[in-house]
2 protein chains.
Amino acid sequence: MVRYGKEHKSETRRRIIETAGRRFKQDGIDGSGVSTLMKDAGLTNGAFYAHFASKDDLVTTAIADQLKVQAESVVALAEPGRAGLEQIVRGYLSPQHRERLGDGCPNAALLDEIGRCTETTRQAYTDGVLILVEGIAARMAPEAPSSARVKALSLLGMMAGTLQLSRALTDSRLADELLDQGVDNALALLDAWQRV
Amino acid sequence: MVRYGKEHKSETRRRIIETAGRRFKQDGIDGSGVSTLMKDAGLTNGAFYAHFASKDDLVTTAIADQLKVQAESVVALAEPGRAGLEQIVRGYLSPQHRERLGDGCPNAALLDEIGRCTETTRQAYTDGVLILVEGIAARMAPEAPSSARVKALSLLGMMAGTLQLSRALTDSRLADELLDQGVDNALALLDAWQRV
DNA sequence: CTCTTTGGATTACGTTTGCAATACCATAGA
DNA sequence: TCTATGGTATTGCAAACGTAATCCAAAGAG
């Protein structure tokens, strides 16, 4: 039944991290228990502690992983230059992204909870988000990405907040209009930054 | 010791709602237990269910209340016209607001958790946020506030996301720069909307 | 003025769930 | 065959939600 390969443990660990990432985004960090999470990953409660020191340890790891994956998919997916930026914005502020909580952006799903996390977790988040933002900034100002860093960060914050709000509203027409407005806002700002 | 006046119960209810509002914003909805919350309000566990049918009932009520209070304070505080808008934006995206979680904006503190709440709660949220947004829209376009509604909503989403992000970062200098950038963004958009 | 009713709160409890830990078992590979 | 490793099963303990029995002060009737 169980096969113990050389890299079995690291694979299991990976599976836990990915499962946790999805679950956290779907049900929230406080809303996800360790045992439920392990069952999701096809394991039992106790096995968890062979891989992580605590739930907090997993939270830190999972958040870092989510951001890394997002950074990679952003880099991989988008075309270079302004076209890629527009693509990112439109994809982010789309009804599809809004609906797919578990596969979506960890920022939009967890940002306010992350703000209440431990220093360690927030540090990991900060590191992760900076990598992600670097990817966006490089597209905004290839010649001077560092100056674009804060702008890219603000763009991420805007988009995450807009998506969250769109998720919270029960009026789906209004929620869609909000996304459209969000796209307009983001593109307008990108243009304004370009001109300076 | 205990004095049972005519309006004692409604006062107690009020106190629970206000305490809950603060606690939810500080520790999250899932992060706040009923008994802890009641102790905060100077009561015990069991008394809760004389006032609310369930925790969810309280959550719904508290969120609606928080938004109402915010709408009133926004309307009361700010000057009319563009000056008032700028005042709102600068106050919102300020280090002080970032630091005072319990007294701050419920959107910034709870938005992603609200998105995971029950339909009923989200409906109450939607109603509440629309009142708040109406107040902002009235300042943006006094002649046609309804057309400004979505713009005002998007402004709120932007600001909430930016504040959340600023709270999550461990690098406080970067967090401050982000707030400044957020102010620039918001004001730029307000100007752009004005011109159209 | 006393006795009863009423309503708000307390205490205590039951159930469930979550975190954490540990004793034990099965397999892979030396 | 023996041992390290990875996983299961089980347990302890605390917290959370919710219910119910009880208590106590105020208010009103006779």
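Each chain gets a letter, A, B and so on, in the order its sequence line appears, and its residues count up from 1. Side chains included, hydrogens not; waters and symmetry mates left out as well; all remaining heavy atoms used.
Each end of the helix from dC1(C)-dG30(D) to dA30(C)-dT1(D) gets its own rotation axis from five pairs of C1' atoms, and the angle between them is 10° to the nearest 10 degrees.
The distance from atom CG of Asp27(A) to atom P of dG18(C) is 11 Å, rounded to the nearest whole Å. In this structure, Ile16(A) atom CD1 and dG6(D) atom P are separated by 12 Å, rounded to whole Å. Rounded to whole Å, the distance from CZ on Phe48(A) to C1' on dT8(D) is 16 Å. Separating the NZ atom of Lys55(B) from the P atom of dT19(D) is a distance of 15 Å, rounded to the nearest angstrom. Computed from coordinates, the Leu37(B) CG to dC17(D) C1' distance equals 13 Å when rounded to whole Å. Protein atom CZ of Arg15(B) is 11 Å distant from nucleotide atom C1' of dA9(C), rounded to whole Å. Distance, Asp57(A) CG to dC19(C) P: 14 Å, rounded to whole Å. Rounded to an integer number of Å, the gap from CD of Glu11(A) to P of dG7(D) is 10 Å.
Mapping Gly46(B) and Ala47(A) onto DNA chain C by nearest heavy atom places Gly46(B) at the nucleotide closer to the 5' end.
Using a 4.5 Å heavy-atom cutoff, the side chains of Gln66(A) and Leu110(A) are not in contact. In this structure, the side chains of Ile29(B) and Cys117(B) come closer than 4.5 Å at one or more pairs of heavy atoms. In this structure, the side chains of Thr19(B) and Arg15(B) come closer than 4.5 Å at one or more pairs of heavy atoms.
Shown here are the ring-ring contact (aromatic ring centres under 6.0 Å, His included) partners of His97(A), two or more places apart in sequence or in another chain: Tyr92(A). Residues passing the side chain to side chain contact (heavy atoms under 4.5 Å, CB included) test with Thr170(A), sequence neighbours excluded: Glu119(B), Arg122(B), Gln123(B), Thr126(B). Listed by chain and number, the residues in a salt bridge (Lys or Arg N to Asp or Glu O under 4.0 Å) with Arg23(A) are Asp27(A), Asp40(A) (sequence neighbours excluded).
Applying the ring pair (Phe, Tyr, Trp, His ring centres under 6.0 Å) test to pairs two or more places apart or on separate chains, those with a residue in residues 19-49 of chain A are Phe48(A)-Phe52(A).
The phosphate of dA9(C) has OP1 or OP2 within less than 4.0 Å of a side-chain N or O from His51(B). Look at Thr12(B) and you'll find a side-chain N or O under 4.0 angstrom from OP1 or OP2 of dA9(C). Residue Tyr49(B) places at least one side-chain N or O under 4.0 Å from the OP1 or OP2 atom of dG18(D).
Under the 3.5 Å distance criterion, with hydrogens and angles disregarded, a donor-acceptor pair is assigned to the side chains of Thr60(A) and Thr121(A). In the model, Thr118(A) has a side-chain atom that pairs as donor or acceptor with a side-chain atom of Asp56(A) under 3.5 Å.
Near DNA chain C, meaning a heavy atom under 4.0 Å away, the residues from residues 38-45 of chain B are Leu43(B), Thr44(B).
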